[in-house]
Amino acid sequence: MNRKYNPHEIEEKWQLYWEKEKTYRVTEDPDKKKYYLLEMFPYPSGNIHMGHVRNYTIGDVVARYKKMMGFNVLHPMGWDSFGMPAENAAIEHGIHPSVWTNENIEHMRKQLKRMGFSYDWDRELSTCEPEYYKWEQLFFVWMYEKGLVYKKGGVVNWCSTCQTVLANEQVEAGLCWRCGNEVTEKHLDQWFFKITDYVEELLEYCDKLSGWPERVLTMQKNWIGKSHGCEIVFPMADTDDVIKVFTTRQDTIYGATFMLIAAEHPLVMELAKGKSCEGEVSEFVERVKRQDRMVRTSDYYEKEGVFLDAYCLNPVTEEKMPIYAANFVLADYGTGCVMAVPTHDQRDFEFAEKYELPLVVVIDNPESPLVAETMTEAYVDEGILINSGPFDGMENLKALDNIAEHLESIGRGSKTTEYRLRDWGISRQRYWGAPIPIINCDKCGAVPVPEEDLPVVLPRNVELTGEGGSPIVRLDSFVNTTCPNCGGPAKRETDTMDTFVESSWYFDRFCSADCDSKPGLERKKTDYWMPVDQYIGGIEHAILHLLYARFFTKMLRDFGVLGIDEPFTNLLTQGMVCKETTRCKQHGFLLPDEVKEGNCIHCGKPVTIGKTEKMSKSLKNVVDPDYLIKKYGADTARMFCLFAAPPERDLEWSDQGVDGSFRFLGRVWRIVMDYLEDIAEIEPFNDATELEGDLKNLNKKIHQTIKRVTRDIEGRFHFNTAISAVMELVNTLYQTPRPEKGDGTALSVIKKAIESVIILLFPIVPHITEELWEIIGGKEKLSDISWPSYDEEIASEEKITIVLQVNGKVRSRIEVSADESDDTIKEIARNDERIQKFIGDKAILKEIYVPKKLVNIVVK
RNA sequence: GCCUGGGUGGCGGAACUGGUAGACGCAAGGGACUUAAAAUCCCUCGGUGCUUGACACUGUGAGGGUUCGAUUCCCUCCCCAGGCACCA
């Protein structure tokens, strides 16, 4: 038998086999240690892309490896199937979102199966199905009862032409991405999840998630943005009212010379009311509100304000402080009011310069005293307090507490904590999402849909035109209902939920995907499987998705549904798949197959090679996984994705690199075919006999390779070096002289080497290895085989190379047997001819010996 | 501006806790096989210099430092990528 490597035939054969045998179906098994491996599920956009291929290949290797290590591995897959692209497709192509979505799922499922991923497809879920989102609606109702959901007026981006709400990323320089009209803001009642109730726990656990990348945790901590400070009360100069501010810099209170209020703050118009400045102020406020839309994208924002013709008093100096409305103060952070200390805050400094407001230095620079009149920027470093009454002479940082206490004692302040994190606005004025289970009654207000009436099914008999907002708003049969409370006529909520809600608990649902009784999650099963042992996905979800999922986990725990605090024990954020861009002067960005020998296929002119960027449709630097599978097969695609870079780093696509991976698989295939007849009846070497020369060397290499591959996969997911190790073993195999046909011992070592290559490569390239395993007569299926072990002694070298240095420079190397005594090694080193040459007649000052590694002789 | 990562051959990348820099692969060059080509198998491959060697010097973004010894630790700076960005 001497067949050629035909990836398609064997890949489809084994995929069919795994599917038929349900090889990767799992159930809870209390006798086995569980391992829950999860990759972030995809949005069914229609086609898998290289990012998916990479993400899911990484996961698949770990899943298969863990299974071989004896774990009961849960490795599920599903679809994050609500969301806007379906609506856009409906508008553009007149196809219903559900039809479009399900067609995409069909196609993508086929693509994933063609990659040979080891999913338990029996657990497949799709979030746009009522069987899924009904439980989410149940959670919503529970949250409502517990006060974890509330409705609040909020501002949204609104396109009056499209009659629709736009997400921030759909607003391009203040214009609607679709029609190009100006985006305005609209006040709408929106539903919020009270994630801030869990803010402390979310922050605290950041320090306990030792299996997460540091940068993700920092991003989450920054996003939560906890700061300790003080709420300080400023009395109004002329009335009994007060203005409260939040500050972390109460040490600068004696330097607060004016007050700033966010332009949108209601207090602004209140203060200006009836005064001569009212007109000017309201004009300013309106302008800032409009500006706010655009400014998010611009990097420089001129600080502006308007005097409100009002004063308050500095609570410690009793000095009068003019009050301004300002464009750079945030209305929803702290109290929306800020005490301005121009000498020690750069923003306040710029503002004071512009409006000629007084400067009082209260922290002096210990190196060169500050003079208010000559300052060109705020002094924001540490220093010694001056002009600060009883606190003069103290170091400013040390005075923070004292000043806070002082303010408390005079009843003008208290220590507080602020967070940057806001509650999670989940209302979307969109059709393709899970309906919010609320009924609005004129008499009773918002009433949650009774549990027994769930799910509120999203009606499918609608037509999307892109105008007039969500079509269910006009669907009387949906909207008109009766109030569950009073029985009177009422209207259903037509907002749907943010799709981040579905992805906040899908990993729980995978544990009991077919559960149809309340609450849709079987406690016994989630207790067995959760938390996810290894979660893998893109860094782009470092903040929102992961934070929301953590929040949901804690909340469901408090509902008694889950028994865990955190959903993901270990997190791996894989890098992006990048490729160089190619561009033709005339035809713009070109797809890889629009370029032939450096020229554009449309006009024949040379193309310019641009910089390497994340693969994206708009840059056309994409490689189609289907094409790759067609040309090389899934195993090559998997192999290249793993070999080209470690998983957490960006992967630069290289067609030649793919070729190289394919060649390697061919090399493996050929060596097996080459030895096939000779080793057919031979048992693999069992380390019972003593070996010599090349065979001993090969056997040692086998053990070393198992060791390295195990370490590289187990500890750090460095599949690239794991593959290198196997490549070395294959190279050694090629270099080992071919044994005589009758030489049973030699052939048994060869067989052992071949088996090892096959088994070690199985998690990476499962098809070719299953096939080779079958061809060489493996009795079990490879997918049922355990990970091989190695013998540390056989793996160790008996001859070691000792590096000889003189003054830290490598001058010679010697080979000694591994058990040679230290003294002898040093002796040999000193007498080494080349070392002698470098020592000459110089005096030996020192001799450093690193056991089994090197000798360094220091001379002068 | 702040916070994370990261800068190593022509390229992707190795180097475990300070101890042989460049594993493995790609590209390139050479050889073998072949009527020939492809495929395959084997060899060479950081730079410079010459006395062409078991040679010398140099080399991990730049400059300093610690050390017998630094890609690895410390300080300063430059560049790249990502995140946050008026959060008081």
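Here is how names work: the chains are called A, B, and so on, in the same order as the sequence lines, proteins then strands, and each is numbered from 1.
Using C1' as the reference atom, B:rG13 and B:rU71 are 14 Å apart when rounded to the nearest Å.
A:Lys303 forms a cation-pi arrangement with A:Phe328, by the criterion of a distance under 6.0 Å to the ring centre and an angle within 45° of the ring axis. Relative to the ring axis of A:Tyr734, A:Arg667 places its NZ or CZ within 45° and under 6.0 Å from the centre.
A:Arg711 comes within 4.0 angstrom of nothing in the nucleic acid, heavy atoms only. If you check every strand for non-hydrogen atoms under 4.0 Å, A:Asp348 touches nothing. Among the atoms of the strands shown, none is found under 4.0 Å from any heavy atom of A:Asp332. At the heavy-atom level, A:Val329 lies under 4.0 Å from base atoms of the strands shown. A:Arg811 comes within contact range of the sugar-phosphate backbone alone, with a heavy-atom separation under 4.0 Å but no base atom that close. Base contact: A:Arg813 has a heavy atom under 4.0 Å from a base atom. Within the nucleic acid shown, A:Tyr734 comes within 4.0 Å of sugar-phosphate atoms alone, with no base atom in reach, counting heavy atoms only. Counting non-hydrogen atoms under 4.0 angstrom, A:Val810 reaches the backbone sugars and phosphates but no base. A:Thr247 comes within 4.0 angstrom of sugar-phosphate atoms only, judged by non-hydrogen atoms across all strands, and of no base. If you check every strand for non-hydrogen atoms under 4.0 Å, A:Phe351 touches nothing. Within the nucleic acid shown, A:Val850 comes within 4.0 Å of at least one base atom, counting heavy atoms only. A:Pro213 comes within contact range of no nucleotide atom at all, as no heavy-atom separation falls under 4.0 Å. Among the heavy atoms of the strands, none lies under 4.0 Å from A:Gly225.
Between the side chains of A:Asn831 and A:Glu827, a donor-acceptor pair is found at a separation under 3.5 Å.
Considering only the side chain of A:Arg670, B:rC41 comes nearest among B:rC41, B:rA23, B:rA56. In this structure, of B:rC68, B:rC84, B:rU40, it is B:rC68 that holds the atom nearest to the side chain of A:Ile848. With distances taken from any side-chain atom of A:His718 to the nucleotides B:rA14, B:rC84, B:rC24, the minimum falls on B:rA14. When the nucleotides B:rU20, B:rG83, B:rA15 are ranked by their closest atom to the side chain of A:Ile543, B:rG83 comes out on top. With distances taken from any side-chain atom of A:Thr218 to the nucleotides B:rC41, B:rU40, B:rC3, the minimum falls on B:rC3.
No N or O donor and acceptor, one from the side chain of A:Gln346 and one from the base of B:rG1, sit under 3.5 Å apart.
Each of A:Cys337 and A:Leu854 has a nearest nucleotide on RNA chain B; the 5'-most of these lies closest to A:Leu854. Nearer the 5' end of RNA chain B, as judged by each residue's closest nucleotide, is the contact made by A:Ala725, out of A:Ala725 and A:Lys837.
As a whole-Å value, the separation of A:Gln735 CD from B:rC42 C1' is 9 Å.
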